[in-house]
Number of protein chains: 2
Amino acid sequence: MIRYRTTKQNQLILDAVQKHCDHPTADQIYLEVRASNDQISRGTVYRNLDKLADLGSLLRVKVPGADRYDCRLDVHYHMICRKCGAVVDAPLAYHHELDQQVLEQTGFLVERHRTVFEGICPACAADGTQK
Amino acid sequence: MIRYRTTKQNQLILDAVQKHCDHPTADQIYLEVRASNDQISRGTVYRNLDKLADLGSLLRVKVPGADRYDCRLDVHYHMICRKCGAVVDAPLAYHHELDQQVLEQTGFLVERHRTVFEGICPACAADGTQK
DNA sequence: ATGGGTGCAAAGTGTTTGCAAGTAT
DNA sequence: ATACTTGCAAACACTTTGCACCCAT
């Protein structure tokens with residue numbers, strides 16, 4: 001059985017994610033952590049983000065392009081702007097009943113669902129240069 | 001202004017997608033089309049899938065790993081098995097009211113949302129060798 | 001004839017992995 | 001001491017692109 005160890009790298013990585021409210025990518029975390037530890041490698045960042053997500057210390061948001069990481073620990077929905085790529089939390093409650101409905105109607109053992117709203121964020125909409 | 005042309009390649013590609021009810025990946029389409037046209041290239045398949053999705057002749061399902069293509073033309077939800085990777089349509093109606101709710105509460109110009117249920121499909125569950 | 005489409009191969013992204021050396025427990 | 005973790009670089013998987021030629025309109 002595997003026990004996860006505490007290392008200065010994984011602490012730096014978790015700290016970096018928790019400092020953010022804007023859903024950084026693995027690469028952004030890597031660049032940030034590297035500011036205080038110029039030896040750390042991308043591999044270490046990816047490996048630790050995986051472990052921290054497994055442990056439930058952070059959430060992984062699966063969006064096209066690159067996965068994002070979220071310091072919030074409760075499952076929730078996201079919005080992504082197709083112009084600037086920003087990812088923001090959606091102000092909706094998780095609809096647990098949908099998981100139950102799908103299970104009952106299909107026998108699929110649903111563990112969770114992910115919902116992502118796509119569109120244009122207010123800032124980009126104001127920008128005029130639409131589409 | 002760009003006008004899309006009809007070519008034998010894009011006809012073969014659309015046919016291949018429509019022949020499927022199991023959400024093939026671009027590469028599966030490529031391999032299949034190549035059976036009747038051994039000259040076609042992956043680039044052409046990717047380019048045409050993009051165009052066909054833009055035109056609304058097929059739907060793109062964005063799931064981790066590789067995007068899938070769906071002959072159904074109405075927006076709907078999907079389930080993905082984390083064991084075998086199968087993608088299946090979910091038997092739920094699209095919840096239009098959510099798009100409206102998010103717009104009202106955030107000003108985000110929502111165009112649509114995507115929902116993917118994650119879990120274990122009945123076949124894999126029966127397999128015993130879980131997790 | 002004209003301008004979008006094609007095949008090919010190379011290049012891009014984002015992510016994973018094998019390995020020898022390092023380190024938390 | 002043990003066995004998980006790291007840094008490095010190479011390998012991966014999926015997708016996009018530059019270019020010269022082709023072909024639908």
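First the proteins, then the strands, lettered A, B, ... as listed; each starts at 1.
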Taking any heavy-atom pair under 4.0 Å as a contact, classify [X]: base, sugar-phosphate, or nothing.
X     : result
B:K51 : sugar-phosphate
A:D27 : nothing
A:T25 : nothing

Which nucleotide sits closest to the side chain of A:T7: D:dT16, C:dG14, D:dT6?
D:dT6

Selection from D:dC14, C:dT15, D:dG7 that lies nearest to any side-chain heavy atom of A:N37:
D:dG7

Do A:S36 and A:L12 have side chains that approach each other closer than 4.5 Å (heavy atoms only, starting at C-beta)?
yes

Using atom [atom1] of [X] as one end and atom [atom2] of [N] as the other, report the distance to the nearest whole Å.
X     : N      : atom1 : atom2 : value
A:K62 : C:dG14 : NZ    : C1'   : 14 Å
B:Y46 : C:dG7  : OH    : C1'   : 16 Å
B:K8  : C:dG4  : NZ    : C1'   : 15 Å
B:Y30 : C:dG7  : OH    : P     : 10 Å
B:L14 : C:dG5  : CG    : P     : 15 Å
A:R42 : D:dG7  : CZ    : P     : 13 Å
A:L31 : C:dT13 : CG    : C1'   : 14 Å
A:I29 : C:dG14 : CD1   : P     : 15 Å

Assign each of A:Q9 and B:T6 to its nearest nucleotide of DNA chain D by heavy atoms, then name whichever residue's nucleotide is nearer the 5' end.
A:Q9

If you pin A:Y4 and B:D50 to their nearest nucleotides in DNA chain D, which one's is more 5'?
A:Y4

In a check of side chain to side chain contact (heavy atoms under 4.5 Å, CB included) between B:I40 and each of B:I29, B:N48, B:V45, which one passes?
B:V45

If the cut-off is 4.0 Å, is [X] near the phosphate of [N], judged by side-chain N/O to OP1 or OP2?
X     : N      : value
A:Q39 : C:dG22 : no
A:T44 : D:dG7  : yes
B:N10 : C:dG4  : no

Whether B:H23 and B:H78 hold their rings parallel, tilted or perpendicular, with breakpoints at 30° and 60°
perpendicular

Do the ring planes of B:Y94 and B:H113 sit parallel (below 30°), tilted (30 to 60°) or perpendicular (above 60°)?
parallel

Going by modelled atom types, is there a donor-acceptor pair between the base of C:dG4 and the side chain of B:R47 at under 3.5 Å?
no

Hey, does the side-chain of B:R5 have a donor or acceptor N/O within less than 3.5 Å of a partner on the base of C:dG3?
yes

First locate atom CZ of B:F117, then atom OG1 of A:T106, and finally report the distance between them rounded to the nearest 0.5 Å.
9.0 Å

